[in-house]
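A quick note: this is a predicted structure, and the numbers were derived from the prediction, not measured.
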Amino acid sequence: MKILITNDDGIYSPGIAALAKIALRFGEVRIVAPDVEQSSMGHAITHSRPLSIKKSPIAFEGMEAYRVNGTPADCAALGLHIYPDTDVVLSGINMGPNLGNSMWHSGTLAAAKQAVLLGVKGVALSTPVGKTEPDFEGLGKYVEQALAELLNTTALGLYNVNFPPKPVGIRWTKQSVRLYDGKVVPGIDPMQRKHYWITVSPLAAAEEGTDRWAVENGFVSITPLRLDLTNETELAQHFAVAK
């Protein structure tokens with residue numbers, strides 16, 4: 001299997017190194033990642049300037065690795081251009097969860113979506129981060145199990161995987177779509193200039209069977225996604241009225 005790995009935390013992230021090491025057990029691995037952190041970049045594509053690709057300044061044993069001055073989606077697109085024989089794109093392991101509504105602005109998930117838009121299976125992988133780095137060594141067993149389940153075929157699909165700090169099992173889940181309280185928190189910087197932090201907090205507890213519920217209860221969450229955002233129920237209602 002030919003595997004392309006990218007992320008939104010950048011080429012220096014310990015998460016991409018951990019994922020690449022495990023992915024080597026499943027096939028040939030190539031890395032094309034942003035040269036700097038691109039968290040919460042969403043599905044931005046660079047079109048106003050050319051992109052450059054350079055050899056990674058850090059070594060990844062047993063694999064080719066490059067850095068790009070672009071977004072996660074740029075990296076997926078450029079990587080698939082350079083390696084057209086790619087079977088699957090893995091994005092992560094992100095240092096921070098991508099659960100529920102955070103999928104809308106996730107750069108990690110955007111790279112996997114870009115792969116699917118170009119006809120290649122995409123898998124995004126994330127884990128929460130606290131005051132210290134995630135225990136990627138401890139997560140290794142479950143990362144390998146999740147990959148074994150998702151890489152058993154090259155059939156087209158998009159998957160969002162989230163690992164709790166200390167997993168107890170794996171669950172297939174749906175996306176939590178509970179609304180979030182979007183907060184804008186004002187503050188003053190050392191130069192006495194006003195600035196703002198944009199942050200969110202959940203308004204309600206997660207529903208059982210969702211990605212948020214799974215991770216909150218110690219389970220690895222695997223959520224199958226699709227690119228079609230059509231509200232089919234409402235569309236059917238409008239068709240019914242038109243008739």
Side-chain angles (χ1 to χ4, degrees), residues 7-9 13 15-16 18-19 37-43 72-73 89-116 121-136 138-150 157-185 197-233:
N7 68 356
D8 75 355
D9 288 328
S13 171
I16 199 169
L19 178 58
E37 184 176 346
Q38 297 279 342
S39 296
S40 296
M41 186 59 66
H43 208 124
V89 172
L90 306 179
S91 182
I93 300 171
N94 189 63
M95 293 177 63
N98 282 301
L99 298 164
N101 291 330
S102 66
M103 291 187 199
W104 286 95
H105 56 74
S106 168
T108 304
L109 184 57
K113 285 190 295 179
Q114 182 65 26
V116 178
K121 177 185 284 188
V123 181
L125 306 100
S126 308
T127 191
V129 62
K131 294 181 179 180
T132 59
E133 286 184 2
D135 179 12
F136 291 113
L139 292 176
K141 168 186 171 182
Y142 287 93
V143 174
E144 184 171 5
Q145 287 182 13
L147 292 182
E149 186 150 1
L150 294 173
L158 176 61
Y159 303 92
N160 188 39
V161 184
N162 281 270
F163 300 89
K166 295 182 178 180
V168 297
I170 297 178
R171 294 283 180 91
W172 283 82
T173 62
K174 61 181 180 179
Q175 179 187 4
S176 174
V177 291
R178 291 283 171 88
L179 297 179
Y180 276 62
D181 181 14
K183 292 182 179 178
V184 177
V185 181
W197 283 96
I198 296 177
T199 185
V200 296
S201 59
L203 289 175
E207 321 93 294
E208 185 171 349
T210 64
D211 51 3
R212 280 179 53 212
W213 177 90
V215 171
E216 288 171 4
N217 286 275
F219 294 99
V220 177
S221 165
I222 301 179
T223 307
L225 303 173
R226 65 180 186 179
L227 298 179
D228 184 356
L229 300 178
T230 305
N231 185 332
E232 295 173 350
T233 300

- Test side chain to side chain contact (heavy atoms under 4.5 Å, CB included) on Leu90 and Leu147 and set out the steps. CA-CA 9 Å; Leu90 306 179; Leu147 292 182; 4.0 Å; yes

- Any chance the side chains of Thr210 and Thr173 put a donor and an acceptor closer than 3.5 Å? no

- More than 12 heavy atoms from other groups under 6.0 Å of CD1 on Ile198: no

- Message: On a heavy-atom basis, which atom in Glu207 and which in Val177 lie closest, and how many Å separate them?
- Response: OE2-N, 4.2 Å

- Message: Once rounded to the nearest 0.5 Å, what's the spacing between atom OG of Ser13 and atom CD1 of Ile93?
- Response: 9.0 Å

- Message: Contact between Phe219 and Tyr142 at the side-chain level, heavy atoms closer than 4.5 Å - yes or no?
- Response: no

- Residue pair Met103, Asp211: steps toward the side chain to side chain contact (heavy atoms under 4.5 Å, CB included) verdict: CA-CA 11 Å; Met103 291 187 199; Asp211 51 3; 3.2 Å; yes

- Query: Say you draw a straight line from OH of Tyr159 to CG of Leu225; how long is it, rounded to the nearest 0.5 Å?
  - Reply: 9.5 Å

- Task: Check Thr127 against Leu139 and note the closest heavy-atom contact, atom names and distance.
- Result: OG1-CD1, 3.6 Å

- To the nearest 0.5 angstrom, please state how far the CZ atom of Arg212 sits from the CD atom of Gln175. 11.0 Å

- Message: If you compare all heavy atoms of Pro97 against all heavy atoms of Ser102, which two are closest, and at what distance to 0.1 Å?
- Response: O-OG, 4.2 Å

- Message: Assess the residue pair Asn7 and Gln38 against the criterion (side chain to side chain contact (heavy atoms under 4.5 Å, CB included)); give the C-alpha distance rounded to whole Å, side-chain angles, the decisive distance to 0.1 Å, and a yes or no.
- Response: CA-CA 8 Å; Asn7 68 356; Gln38 297 279 342; over 6 Å; no

- Task: Could you grab the distance from atom CD of Glu149 to atom CD of Glu144, nearest 0.5 Å is fine?
- Result: 13.0 Å

- Could you check Leu109 against Ser91 for side chain to side chain contact (heavy atoms under 4.5 Å, CB included), going step by step and ending with a plain yes or no? CA-CA 7 Å; Leu109 184 57; Ser91 182; over 6 Å; no

- Checking Glu37 side chain against Asp9 main chain: does a donor-acceptor pair fall under 3.5 Å? no

- Query: Distance-only, no hydrogens or angles: does the Asn160 side chain make a donor-acceptor pair with backbone N or O of Asn98 under 3.5 Å?
  - Reply: yes

- Evaluation steps, side-chain hydrogen bond (donor to acceptor under 3.5 Å, both in side chains), between Asp8 and Thr108: CA-CA 5 Å; Asp8 75 355; Thr108 304; 3.3 Å; yes

- Could you tell me which non-hydrogen atom of Phe163 sits nearest to which non-hydrogen atom of Pro128, and how far apart they are? O-CD, 2.9 Å

- Smallest heavy-atom separation, Ile222 atom then Pro224 atom, equals O-CD, 3.7 Å

- Shortest non-hydrogen contact from Pro134 to Met95? CD-CE, 3.7 Å

